[in-house]
Structures are given as C-alpha cells and as structure tokens.
Amino acid sequence: TREPTPETTADPAPLRIALVMKSLANEFFINMADGARRHQAANADQYELVVNGIRNESDLAQQVALVEQMMATGVDAIVIAPADSKGLLPVARRAAAQGIVVVNIDNRFDREILAGMDISIPFVGPDNRAGARKVGDVLAAELKAGDQVAIIGGNPGAFNAQQRQAGFEDAMRAADIEIVSVQAADWEQARAANVAAAILGENPELKALLCANDSMALGAVAAVRQSGRAGEVLIVGFDNISAANSLVQSGEMLATANQYGDQLAVFGIEYALEILASGQAPADRDTPVDVVKAGAGQ
Amino acid sequence: MTAGEPPLLAIDALHKQFAVPVLRGIDFTLRAGEIHALMGSNGAGKSTLCNLIAGIHRPDSGNMRLSGQPYQPASLHSAEASGVRMVMQELNLFPTLSIAENLCFNRLGNRAGVINHQALRDSARAALARLNLDELDPDTPVSALGVGKQQLVEIARVLAQPVRLLILDEPTAALTDPQIDQLFGQLDILRSAGIGIIYISHRMSEIQRVADRVSILRDGALIATENADEMDVERMVHLMAGPAMARIPPKTPTTIAATAASNGSATKPGHVVLKIEQLGRQGAFTDINLELRAGEVLGIGGLIGSGRTELLRTLFGADTADTGGIRLAADDFSRLQQLRNPAEAIAAGIGLVVEDRKGQGLLLDKSIALNIGLGQLGTLHNRLGIVNDKAIADNSAEICRQLDIKHDDLQQPVAQLSGGNQQKVLIGRWLLRDLQILLFDEPGRGVDARSKLLIQELIRDLAAQGKAVIVVSSETEELLALADRVVVLSNGRLAGEFTADTVSEQALLEASFRFYTTAGQKVAPPLEIS
Amino acid sequence: MSPSIVGRIRLPWNSLGLVAVLLVLILLFSSLSDYFFSAVTFRTLANQIPTLTVVAVGMTFVLLIAGIDLSVGSVMALCAAVMGVLMADSGWPLVPALLASLLTGLACGSFSGLVSARWAIPSFVVTLGMLEIARGGAYLVTGSETKYLGPAVGRIGEPIAGLGLSPALIGAIVVVALAQFILVKTVFGRYMIAIGTNEEAVRLSGINTVRWKVVVFAIAGVLAALGGVFQLGYLQSADPNAGIGLELSAIAAVVIGGTSLSGGRGSVVNTFLGVLIIAVMQTGLAQLGVSEPGKRIITGLVIIGAVLFDQYREPLGKLLTRRYEPKRGIS
Amino acid sequence: MSPSIVGRIRLPWNSLGLVAVLLVLILLFSSLSDYFFSAVTFRTLANQIPTLTVVAVGMTFVLLIAGIDLSVGSVMALCAAVMGVLMADSGWPLVPALLASLLTGLACGSFSGLVSARWAIPSFVVTLGMLEIARGGAYLVTGSETKYLGPAVGRIGEPIAGLGLSPALIGAIVVVALAQFILVKTVFGRYMIAIGTNEEAVRLSGINTVRWKVVVFAIAGVLAALGGVFQLGYLQSADPNAGIGLELSAIAAVVIGGTSLSGGRGSVVNTFLGVLIIAVMQTGLAQLGVSEPGKRIITGLVIIGAVLFDQYREPLGKLLTRRYEPKRGIS
Ligand SMILES: Nc1ncnc2c1ncn2[C@@H]1O[C@H](COP(=O)(O)OP(=O)(O)OP(=O)(O)O)[C@@H](O)[C@H]1O
Ligand SMILES: Nc1ncnc2c1ncn2[C@@H]1O[C@H](COP(=O)(O)OP(=O)(O)OP(=O)(O)O)[C@@H](O)[C@H]1O
Ligand SMILES: [Mg+2]
Ligand SMILES: [Mg+2]
C-alpha cells in the first residue's frame with residue numbers, strides 16, 4: 001500500500017520492525033512502547049511496528065518464543081530488550097543468521113559470548129551499573145563514611161538486578177559506607193515493604209535503603225514511614241516511574257534514576273532503520289542515565 | 001466337632017472393640033459345604049465379625065482356625081490368598097473403570113503389566129454369565145449402572161475367582177427376586193462343591209430357603225446356632241430382639257389388606273395430590289402416567305434397572321425429564337410442569353429418600369445430629385441465622401428413639417454406624433419434614449426385620465395422616481406389606497397396576513418381565529417361593 | 001476428621017499444635033536475633049498480616065466447600081487499582097472509592113462462583129481464568145502504572161492514636177472473629193461444611209447448593225478486595241502487579257491451619273494461626289538477612305513440617321480420616 | 001467428562017470438542033494475521049510445546065490419582081540448572097549431565113510423593129513446599145545467574161536435518177504416546193484411575209497404594225526434569241528463574257484436556273490437545289501484537305470457554321458425572 005522506501009525496492013512491502021520487550025506490564029516498558037509508537041506514527045511511511053512483551057519478566061523461554069514468532073511474521077528488524085543477557089543470544093543469532101537486523105536495547109547482551117559468535121548486534125541503551133553507581137553517589141553525598149545502608153534487590157538472577165546491585169555496591173564501597181544487608185524482593189512493592197521493615201527492625205542505625213527499582217522503593221518508603229523513621233532513613237530507587245517521581249519531589253525519596261525509557265526504543269528503531277538502509281552496523285551507544293532529585297528535571 | 005476332620009472355619013472367644021465393645025467372645029464354626037446364615041438386628045456385629053474373618057479388621061483377642069490351621073489374615077488380600085472371599089455390605093467398585101476391569105481388578109495384566117482387553121472382556125463375560133447378566137457390556141463404566149446392577153457386578157467379581165470360604169454381607173439388599181434366584185442357584189452349586197458360605201440377610205424367607213444352619217448375633221454376642229429347618233420366623237425375631245422385647249410384636253403381614261387393617265387405616269382413597277403425565281427420560285423410563293392420592297401408599301415394583309430410581313429422581317427434580325411432566329394439586333392441576341431441582345420439589349411438598357445412601361444421602365464423616373438435621377437447618381435458626389443446636393439435638397434424639405438407631409453419641413460420625421442404622425438416619429432426616437408427598441427408594445435396604453416393621457408402620461402412619469407416599473422396593477414382601485396399590489415398571493414402562501385383590505407375587509413377577517424382550521434380558525423363569 | 005469441627009468444643013485443642021509451631025518459631029528467631037523479640041518487629045507484623053489474613057479467611061470458606069480460588073491475587077490488585085484510580089485520577093473521596101473497590105471484588109467473586117457452580121465447571125479452572133482476566137483489568141484501569149495516593153489513604157494503615165492498632169489490623173481481626181462465628185454457629189456455616197462433605201447429598205436434601213456456593217465465592221471476592229484496600233493503606237499506592245502468587249501464600253496459610261483441601265473440614269481461627277506462622281517466618285528470615293536460597297528452602301521445609309507436625313499431633317484423627325475418607329479430593 | 005474417557009473406545013469422540021476449539025482458534029488467527037498460517041509459525045510452535053507437553057503429561061498422572069504437583073516449575077528450573085552447571089562449570093559431556101538432571105527430577109518427585117503418600121499429607125502442601133525448596137536449590141547451584149551453554153546443547157532443540165523435527169519435539173511426542181499407552185493399556189494405568197476414585201478399596205485389594213503414588217510423583221519429577229532439558233536445549237542456557245508459574249499453565253492444559261481435578265478420569269492425548277490450544281493462543285496473540293491487558297483477558301476467557309464448551313458438548317456426560325460422582329474433590 002505505502003510507497004516503498006528506496007532501500008527496500010527488493011520487497012515492495014513496507015519495512016516491519018518488531019519491538020520485543022521484557023514486559024508490557026510496568027510503567028517503564030509502557031513508556032518505552034509508547035515512545036516507539038509515537039515515532040512510528042511520525043514515520044508511518046517508513047515502517048510498521050509490532051510491539052510485544054512477556055507476561056513475567058523472568059520467563060526467557062517465552063521471550064525466545066516471541067522472537068521466533070516475530071521471525072515467523074517475516075519482520076525486517078527486531079529491536080529487543082532481552083530478559084537475560086545470555087539466554088536470548090542463541091535466538092538473536094538465529095534471527096541475524098536469517099538476515100533479520102537485530103538491535104539490542106535496554107540491557108546488554110553478554111559481551112564475551114557475543115564476541116564468540118559470528119555476528120554483531122549493536123547495543124543502544126543505558127549502562128545499568130553506571131546508572132546505579134550515579135544514584136549511589138548521590139546518596140553517598142548525603143551520608144558519611146561508616147554509615148549503615150541496605151540494598152533491596154530485584155529477582156535474584158535477573159541480569160539488570162545484578163547490574164544495579166553492583167552499581168550500588170561500587171558507590172557505597174567508594175564512600176566506604178557499610179552495607180549491612182542485601183535482600184531480594186523480586187521487584188515487588190509489598191514484598192519490598194516487608195523486607196525493608198524487617199531490615200529496619202534489625203538495624204536501628206540504618207541510614208538508607210537502596211532499591212533496584214522504584215516499585216520496591218515505594219514499598220521501602222511505606223516501611224520507613226510505618227517504622228516512624230521517615231527522614232532518618234533515605235531511600236533511592238531506579239526507573240523514575242511517575243509515582244516515585246512525585247515522592248522524590250515531595251522529598252520522601254532522595255533520588256531515582258531516569259533511563260529515558262521512552263527514548264530507548266526509539267534509538268533502537270532508528271539504529272535498525274539505519275542498518276537496513278546502509279547495511280552498516282553502527283557502534284554501540286550508551287544512552288544517558290540521569291539522577292532525578294527533588295527540584296531536578298522529571 | 002462331630003466328624004473327624006476339622007470344620008472349615010472354627011472361631012473361639014473372638015473379641016473386637018471400637019469405641020465400645022462390638023464383639024464379645026464369639027464362638028462360631030462353619031462346615032465345608034454348608035450355607036450358614038448370620039442374623040441379628042442392625043448393629044449386632046454381623047459385618048464386623050465378617051470383616052474380621054475377611055482380614056479387613058484384626059480381632060483384639062480370640063483365635064480362628066481355617067480347616068485346622070491357625071488363621072490370622074493380616075489383610076483382605078492375605079485372606080483372599082487363603083481362599084476366603086467376601087461381598088461387602090457397601091459397594092466397593094471403581095466407578096470410572098469398566099465392568100470388565102472391575103471384575104478382574106486384581107488380575108488385570110500379564111507379567112509385563114500390559115492389559116489384554118480382549119481376554120479381559122472374555123473372562124468378564126464368563127463371570128457375568130454365571131449371574132445371567134449377559135446383557136451387560138463389559139466395557140460399560142460401572143458408574144453408568146444402577147445400584148442393583150452394581151451389587152450384581154460386585155457379587156460376580158467375587159464368584160469369578162477360586163474360593164473356599166465365601167462371605168455374603170446382605171448381597172440381596174438391592175436385588176429383585178429373579179436375580180436372587182439366580183444367585184441362590186450359584187450358591188447351591190458352590191455348596192455342593194464343598195465351599196463354606198456365610199450368608200447375612202435380614203430377609204427371613206431367604207434364610208429359610210437357602211440356609212443349612214442359622215446363627216443369631218445380639219449386641220455382639222452369638223446367642224444361638226441351630227439348624228435352619230428347626231427355626232421359625234417368630235423364634236428368630238425373638239432371639240434377635242432379646243428379652244427386652246420388641247416394642248411391636250414381630251409380624252409378617254402378607255397381604256395389602258392385612259397391613260391396611262393392622263394399621264387401622266382402612267384405605268379410604270383421599271383426593272388426588274399428584275398427576276404424572278407421559279413422563280419420560282432418555283435411557284431410563286418412558287410414558288409414565290399415574291395419579292397419587294392423599295392417604296395412600298403407592299408401591300412401585302420391578303426388576304433392577306427397570307427405571308424406578310430414575311423415575312423417583314425425576315419426580316423429585318434431581319434429574320430432568322425429557323417428555324411430559326407433573327400436575328400438582330396446589331394449582332388445581334392447571335399447569336403441566338417439570339421440577340427443575342430438589343429445592344423446587346420440596347417447595348412443592350415432595351421429598352425423596354434416596355437409594356444410594358452412601359453416595360447421595362449421608363455426610364459420612366459428619367455427626368448423626370447434622371445428618372438428621374440437615375434438611376431442617378433452613379428452619380431451625382433465629383433471625384441472625386444462628387442454628388438452634390438444642391432443637392436439632394432433641395429432634396435427632398427423638399428420631400433415634402423412634403427408629404431405634406443404635407448409636408453411642410449424637411456427635412458420632414455416621415460412618416461409625418452399622419449399615420442398617422445409617423439407612424435409618426437417612427429416613428429420619430425426612431420424617432422430620434412435614435411434606436405432603438414422600439418418595440422412598442428401597443427404604444428397607446439393609447434394615448433388620450424389626451426396624452423394617454417400624455419403618456413400615458411409620459410409613460403407614462404418614463399415609464394415615466393424609467400424606468401421599470410412593471415406595472420403590474425390590475422386596476415383594478415389603479411392597480405387599482406396605483402398599484394400597486402396586487404398579488410395576490418393566491424396562492422403563494408401566495407394566496400393570498394391582499390392588500389388594502388382584503395382587504400376587506406371581507402376578508408382580510410376570511408384569512416385571514413384560515417389556516423385556518431381547519434374549520439377553522430375559523431371565524430364567526423364577527422358582528417357586530417357599 | 002472428627003465431627004468436632006461442627007461442635008466448637010474441640011477447636012482449642014485443634015489449635016494447640018499450631019500455637020506450638022508458632023511459639024517455636026518465635027523462640028527460635030528471638031534467640032537468633034537480638035532485635036526480633038521487640039515492639040518494632042510486632043508492629044511490622046501487625047502491618048503485614050491484615051491483607052493475607054482477610055484473603056486467607058475467604059480462601060478458607062472456598063476450600064471448605066471443596067472449591068479453590070486462584071484469582072485472589074489478581075482480584076486484590078484489580079480492586080486496589082480501582083480504588084487508587086478513582087481517588088488519584090477521578091478525585092473520589094475515600095469511602096465511596098472504598099465501596100467501589102469492594103463492589104468490584106464482589107463482582108469478580110460472584111462471576112467465578114456463578115460460572116463454576118451453575119455450570120459445574122471446576123472452580124480451579126474458572127478462577128484460573130479470572131486470575132488472568134482480573135490481572136488484565138488491573139493493567140487496564142491503571143494503564144500499567146503504579147498509582148501513588150499518599151496520606152489520603154494512609155490512615156487505613158496507621159495505628160490509631162492511643163489504641164496502637166491500625167484500622168486495617170482491627171478490621172482483619174473482626175473479619176476473623178466474624179467468619180469463625182459464621183462457620184461454627186450459623187446455618188450458612190453448616191451448609192458450607194455439608195456441601196464440602198457431600199454436595200450431592202446436600203442438593204438432594206433440597207438445599208440450593210448453587211446459591212450457597214456463589215455466596216461463598218462472592219465473599220472470597222469481597223475479602224480479596226478488602227485485602228487490596230488494606231494494602232493500599234499500607235503502601236499508599238496501588239500497584240497493578242501486586243499480589244502475584246498471593247493465592248499460594250493464602251492457601252498455604254489455610255492448609256497449615258488444618259483445613260482440608262477436599263472440603264468439609266476447617267477452622268478460621270486456625271487459618272489465622274497459619275497466617276501468623278507464615279508472617280513470623282518471613283519477618284524472621286528477613287531480619288536474619290538469610291540468603292535468598294536459604295529463605296526459599298527454609299520456607300518450604302517449614303510449610304511441610306508444620307502440616308506434618310499438626311497431622312501427627314493427633315494420630316487418632318488421622319486414622320479416622322484414613323478410615324472414613326478413602327476418597328480425598330486432592331490427597 | 002463422562003467416565004468413558006478411560007475406555008479407549010470413545011477417546012476420539014471425547015477429543016472432538018478440543019479439536020474443534022483448536023481449529024476455531026487456528027482459523028481465527030489465520031484470518032486475523034497474514035502470517036499466522038505458515039510453516040514458520042508451526043515450526044515456532046513445535047519449538048515451544050515440548051517442555052509444556054512433557055510437564056503436563058506428568059501433571060495428568062498426578063491429577064489422575066487425585067493429587068497435584070505445584071513444584072514442577074521449580075523442579076524444572078533446578079534440573080536445568082544442575083545440567084547447566086555440570087556442563088558449563090564441571091565440563092561434563094551432554095549425556096551424563098542429562099542423566100544427572102533426570103536423577104535430580106526423580107529425587108524431587110520421589111521426595112514429594114513419599115512424604116505425601118507415606119504420611120498422608122495433601123500433595124498440595126508437600127509440593128508447595130517443594131516449589132520453594134527446588135527454587136532455592138536452583139539459585140544455589142547457579143549462584144543465581146544464568147548459565148550459558150551454547151551450541152553444546154543446541155542440537156536438543158534444533159530440527160534434525162531432513163526430518164524437520166527437533167529431538168525435543170520427537171521426545172515429547174514419544175512421551176505422550178507412551179503415557180497414553182500406560183494409562184489405557186497397562187495395569188499401572190488402571191491402578192492410577194482406581195486410586196483416584198477409591199484409594200481405600202485399592203488398598204484393601206492388597207495393592208500397595210503408597211508405592212504407586214510415589215511412582216506417579218517420581219514420574220512427574222522426571223518429566224519436569226526432561227522439560228528442563230528441552231528448555232535448556234531451546235535457550236542454550238539455564239536460567240534459575242525459569243518455569244515460574246509453569247504449574248498453572250500445565251494444570252490449565254490438563255484440565256482443558258478434560259482430566260478431572262478430583263482424580264479417576266483423564267486422558268493424556270487430550271492433555272496434549274490442551275497444550276496445543278494454549279500454545280496456539282499464545283502464539284496467535286503475540287503475532288497480532290495484542291496489548292498485555294488484552295492478552296490476559298482473552299487468555300482467561302479462552303480457558304473458561306474451552307472447558308465450558310467441552311463440558312456441554314456432551315450434556316449427558318455432565319448428568320452422569322452429576323449423578324454418580326457427587327463428591328468432586330475440587331469442584
Ligand atoms: N469403625 C467403627 N467405629 C466405631 N464403631 C463401629 C465401627 N464399625 C462398627 N461399629 C459399631 O459396631 C457395631 C456393629 O456394627 P456392624 O456393622 O457389625 O453391625 P451389623 O450387624 O453389620 O448391622 P447391619 O445389619 O446394620 O449391617 C455397631 O454398633 C457399630 O456402630
Ligand atoms: N445416569 C445413567 N446413565 C446411564 N444409565 C443409567 C443411568 N441411571 C440409570 N441408568 C440405567 O437406567 C436404568 C434405570 O436405573 P435405576 O437405578 O433407576 O433402576 P432401578 O429400577 O432403580 O434399579 P436399581 O436402582 O435397583 O438399579 C438401569 O438400567 C440403570 O442402569
Ligand atoms: Mg452390616
Ligand atoms: Mg433403584
């Protein structure tokens with residue numbers, strides 16, 4: 001129907017790009033998807049977009065299946081935010097082998113393994129570890145050496161959970177602040193609240209809680225409030241979902257990290273289009289991660 | 001022992017206690033090649049004794065010898081291994097397995113554990129043939145059979161295997177005469193083959209027909225063993241009841257007139273309360289037309305599987321009819337309707353005492369009080385919905401007295417009661433409700449002679465109070481004793497109606513066969529009934 | 001088991017084993033952590049249990065009639081979401097929003113109950129479907145965003161001055177008491193037990209089993225909603241991903257409380273004890289900072305251990321069960 | 001629904017309803033998406049179903065004996081993890097690692113079976129415990145990170161040249177065929193059904209029900225392990241978080257296949273159809289790029305709808321069940 005773009009005279013159909021995400025059930029990825037859709041609407045003449053996410057962020061098999069289903073629908077490019085930095089590589093490779101352009105966003109494929117493969121998959125996205133480090137540094141600035149903090153992590157084994165935890169630890173170590181406890185709360189608000197409450201009970205001296213995402217940060221806020229130590233215990237999160245943002249503005253949270261999710265997918269798509277056009281794979285590109293603090297930008 | 005060689009089974013000083021002592025020092029012998037009847041009122045301990053012999057329970061003390069050898073079965077299985085087999089009082093089939101698989105359950109496959117269904121079917125057919133059940137397809141799942149047929153399959157299962165000592169615990173409770181004759185035919189064969197048979201039944205006539213010797217149990221004690229021909233009905237009833245004499249003198253009314261008279265309710269036909277018109281249900285019965293009058297007891301006879309249970313269930317709204325319907329006096333019979341569920345039936349003043357007490361009647365592991373009071377809960381509570389436990393307990397106690405239900409405590413689970421007493425609990429539930437029309441499906445099932453008379457009297461009283469009653473019974477005696485009018489179902493169709501002067505066992509029997517044509521379903525002409 | 005469930009007489013005795021397990025856990029954690037046995041910890045617990053408690057009470061009723069409700073987690077999320085959106089976006093005041101949320105729960109529960117009772121579909125399947133549907137609904141109404149409400153709902157979860165107990169906790173305790181009363185004293189309670197024991201027998205004694213089953217699921221739905229409200233008060237925000245896996249925790253609590261999965265036997269009080277056992281264990285493990293694998297393994301062992309212990313505290317009970325319920329729905 | 005499911009005679013007839021549902025779905029998606037009805041799609045499906053299939057077969061056996069196994073997801077993850085670690089870190093070759101993984105599954109299954117059968121603890125509780133334990137184990141062995149194996153295990157999942165089918169798929173189909181044979185043609189199969197309907201009677205006829213129940217759970221464990229192996233081949237890596245919620249999908253497949261949750265009635269072939277229905281639905285929805293809420297809601301409705309349809313395809317069947325199996329374990 002649409003006018004074929006010059007670089008695809010080979011096939012008359014418009015380009016089809018699949019965006020495969022970790023989940024479509026939380027704000028961060030919803031923003032990502034919306035950003036992508038807006039971009040597609042603006043460039044409707046260039047490509048069609050199919051957006052998919054898995055029901056449970058840790059279900060690799062289902063995401064692999066998604067990629068295959070997209071391959072089945074003969075897309076020209078797949079922009080993927082992998083649920084795991086290793087588990088998704090084989091299928092990505094198969095896609096690439098079929099001549100489908102694969103672009104990796106949000107969380108990075110494992111470098112060594114990728115290197116070991118005969119393909120190159122460009123990465124566009126934030127460095128979770130660096131981002132967490134930044135947030136950690138902002139927190140450290142509020143604390144003094146020797147203070148006690150605790151980390152509430154995501155699903156153990158989830159790649160970005162590990163990255164963010166590592167980033168937090170880097171920052172704390174740098175400011176030699178003591179991490180008294182590291183516990184997982186599976187990205188979940190209620191679970192985080194319970195874990196945080198327990199940690200607070202066990203550590204009367206606790207000065208801060210570092211949470212690997214904002215949902216858990218919200219839980220931590222509740223726990224701190226209930227323990228009557230609001231103000232004494234600082235809380236930082238990650239992702240800058242709107243609820244967390246308002247808490248940061250109101251000062252109940254110290255800071256969170258903004259990865260510009262809405263841009264992320266767009267960058268990926270632009271990369272894909274570029275490769276489809278030029279056949280050249282551009283270099284990896286780290287997108288910015290900014291710390292959101294009270295008063296600072298949304 | 002008279003003869004030199006030891007009896008097939010010798011029991012002495014057997015004790016068994018559950019909550020209370022159930023068997024106290026039983027001495028008992030069974031000779032090879034005899035049919036030994038075991039009689040006793042409900043809860044006397046018959047089933048328990050047999051359960052001990054069959055290895056289901058273990059005695060507390062006392063010992064058993066099987067043809068001289070010490071015999072202590074560790075389980076039903078080990079008992080069967082030594083040739084002792086039992087048909088239990090309650091059904092123990094696997095509903096979702098086929099008849100064939102049930103019949104051959106403990107010898108299903110070859111050494112590799114693989115089943116040869118053809119072989120299975122063949123041996124099943126053979127087993128069924130012995131009870132003249134050729135019309136049953138071995139592949140039918142047992143759940144598709146009526147209770148009576150399931151009982152026959154159960155018997156066939158036991159008969160199908162080699163046996164030295166056979167125990168039958170009320171095998172005929174759900175059977176009709178032709179099958180009973182068939183069964184007795186088999187028993188005679190076994191007897192002459194030198195098999196010892198323990199036979200439990202509450203039906204005097206049967207005892208006199210088949211038994212060589214009779215032993216009477218009372219309250220867990222074996223109080224007499226005599227030759228059957230030396231023992232008449234009065235004596236048996238007397239022994240079972242014991243010195244604490246039965247409230248009502250034992251009697252076996254034989255004709256409708258007799259009953260009617262004996263109950264003082266000269267059968268004056270009241271006004272019609274229910275009209276059944278062209279009622280039919282796929283695979284069970286067709287084109288049933290009947291009128292039911294206040295103050296009458298309508299008996300329904302027929303062979304097993306003739307559709308009686310289904311007819312009652314349909315009247316009660318438990319199953320849906322495919323054709324026709326009923327008219328009620330409430331709206332002057334203006335509306336031909338079908339009750340959609342039991343709740344509607346009760347609203348319309350109809351109650352049903354079901355046939356399958358275990359599966360569809362009782363809450364086995366719940367208290368006697370709850371089981372009897374279940375139907376009343378809806379009324380016995382205050383505005384807040386708080387149950388009036390006192391009232392329920394009182395009612396239950398009263399019912400237990402009326403039907404003399406042998407129990408230790410109203411909070412006792414019904415499962416702990418003997419079969420007959422369980423049946424009485426079920427009946428009690430319905431006596432407590434004041435309904436205009438009551439349907440009884442095999443009310444006397446497993447109930448001892450005296451209680452049976454009690455129940456019959458109660459039913460007559462209901463009629464006398466102007467209620468209308470339908471009684472399905474496979475026991476011709478019971479029908480004659482109870483009913484003002486008897487209709488017979490044959491293969492799901494009405495096959496005749498009888499009143500006091502036209503009825504006879506022979507007539508009922510002939511009617512029962514009327515609509516069975518195919519060779520398979522035709523049953524051998526019945527023997528004369530002594 | 002024995003008739004005792006019907007007569008309240010033996011209830012306390014039945015609870016003994018659970019109380020023992022609970023005490024053991026408390027002693028254990030107190031000895032392992034200097035801070036466990038403290039007001040703080042118990043305030044923490046008091047904040048956590050209301051949601052699980054009310055949901056588990058609803059689950060107890062459902063299991064009593066030999067049903068199951070897998071949808072409680074999603075339904076809770078949906079109801080919290082509805083309340084959150086109404087307050088945050090549509091600016092409704094607390095009470096009407098709260099009622100709307102309870103109504104949502106009522107609707108979900110009634111739907112599940114109606115479909116499964118009226119058409120005799122296993123409730124497992126119907127509520128499995130509802131689990132998906134309600135979760136989808138939660139995403140829809142929130143646009144998959146966590147709704148932050150702030151102090152507006154705070155008072156639900158904050159201790160009432162002087163009393164030291166939060167409305168949520170009080171509400172939960174009232175629910176437990178009321179439910180136990182209903183179960184033991186009222187006709188409805190008897191019907192639940194009877195239906196769970198032998199539904200057909202109950203139907204054939206002229207009781208409208210369909211209606212009562214629907215009522216039970218409706219109650220479970222409302223209680224799930226209430227749980228959502230409590231959580232909303234606690235977290236001051238509505239998360240569309242809340243309550244994932246809640247059904248298993250709830251069932252675990254109920255079963256630890258000795259309620260039979262095949263229906264006809266159970267006690268709300270014991271369910272509450274089950275909830276406490278789970279909550280104490282989670283808090284304790286978190287306070288000790290046990291590693292994630294450790295937490296999982298210990299949790300698993302405690303679940304099995306608690307039931308095993310409870311079972312054998314009263315071997316006679318077991319024999320009776322063995323003897324009279326050869327056919328367990330889910331053995 | 002009708003008892004006849006067990007007799008092989010009526011099997012085809014019983015499967016009709018499911019086949020119908022399946023065809024409807026396929027037609028629907030084909031009409032909605034230009035890409036759905038293509039060889040590629042079906043190859044995709046072929047890659048996805050093996051794991052769910054074998055796990056669901058194990059679940060069918062467990063439900064047949066009126067049990068339930070909630071631990072399959074975690075056990076699968078644990079077994080895949082064991083295999084992954086052995087190959088990646090300890091450098092074991094494929095076959096021994098595979099055997100070790102199956103043994104792990106066997107151990108987990110036998111443990112659950114033994115505890116629940118020997119001490120008459122509801123399998124729901126025991127396997128709920130095992131769900132936590134095995135997950136913890138998976139975290140332990142992998143150190144909570146995904147193990148990448150690469151092509152070493154790839155061939156399990158890759159289509160065999162010429163044949164076009166992957167060993168995994170072939171394996172899954174063999175399992176289905178074998179299991180159906182066992183169920184219908186062997187003594188063991190009949191015992192499962194008998195235990196599911198009247199365990200006591202089976203025990204009385206001198207059969208060691210405990211042993212058979214343990215065997216059933218052991219089989220379920222091994223099949224969960226096999227599912228893990230297949231997934232390992234598919235992902236070429238072992239993820240300790242794999243299989244979360246798998247138990248529900250498996251049970252959904254089994255129940256859609258018409259197996260009774262209260263035991264005694266079921267068919268492996270129909271379970272397989274249930275798996276296909278679920279897989280087709282997921283693939284179709286993904287290809288259409290339906291929104292997450294949409295996916296959830298549609299999935300839920302299809303689950304309920306499929307069972308409802310299957311139930312009423314044969315209303316007589318329902319009456320039979322009504323009349324002769326009043327006490328449904330989980331109704
Ligand atoms: N498991 C049990 N626990 C407690 N009491 C029991 C148990 N089984 C049987 N009883 C009691 O033992 C007594 C004898 O029961 P049994 O079944 O042997 O009577 P029966 O002679 O067979 O009566 P029926 O003619 O009604 O079958 C009854 O009082 C019954 O309540
Ligand atoms: N749900 C059913 N499905 C198939 N056949 C049935 C069903 N219910 C009853 N039948 C058959 O229909 C006939 C009527 O059964 P029903 O139980 O009503 O007979 P009955 O006269 O009461 O004899 P009994 O109850 O003593 O077996 C029997 O052949 C029975 O096997
Ligand atoms: Mg008896
Ligand atoms: Mg009948």
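Below, chains carry the letters A, B, ... as their sequence lines are ordered, and counting in each starts from 1.
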Side chain, backbone, both or neither: which part of B/Ala318 has a non-hydrogen atom closer than 4.5 Å to chain C? both
With a 4.5 angstrom heavy-atom cut-off, which part of B/Arg357 approaches chain C: side chain, backbone, both or neither? neither
Expected output: side-chain C/Asn198 to main-chain B/Leu362 donor-acceptor under 3.5 Å: yes
Looking only at B/Asn382, B/Leu352, B/Leu377, most heavy-atom pairs under 4.5 Å shared with chain C are made by B/Leu377
Nearest heavy-atom pair of [X] and [Y]: which atoms, and what distance?
| X | Y | value |
| --- | --- | --- |
| C/Ser205 | B/Ile346 | O-CD1, 3.7 Å |
| B/Trp430 | C/Leu204 | CZ2-O, 3.4 Å |
| C/Ala201 | B/Gly361 | CB-O, 3.3 Å |

Do C/Ile207 and B/Leu374 have side chains that approach each other closer than 4.5 Å (heavy atoms only, starting at C-beta)? yes
Any side-chain heavy atom of C/Thr197 within less than 4.5 Å of one from B/Asp365? yes
To the nearest 0.5 angstrom, please state how far the CD1 atom of B/Ile392 sits from the CZ atom of C/Arg190. 6.5 Å
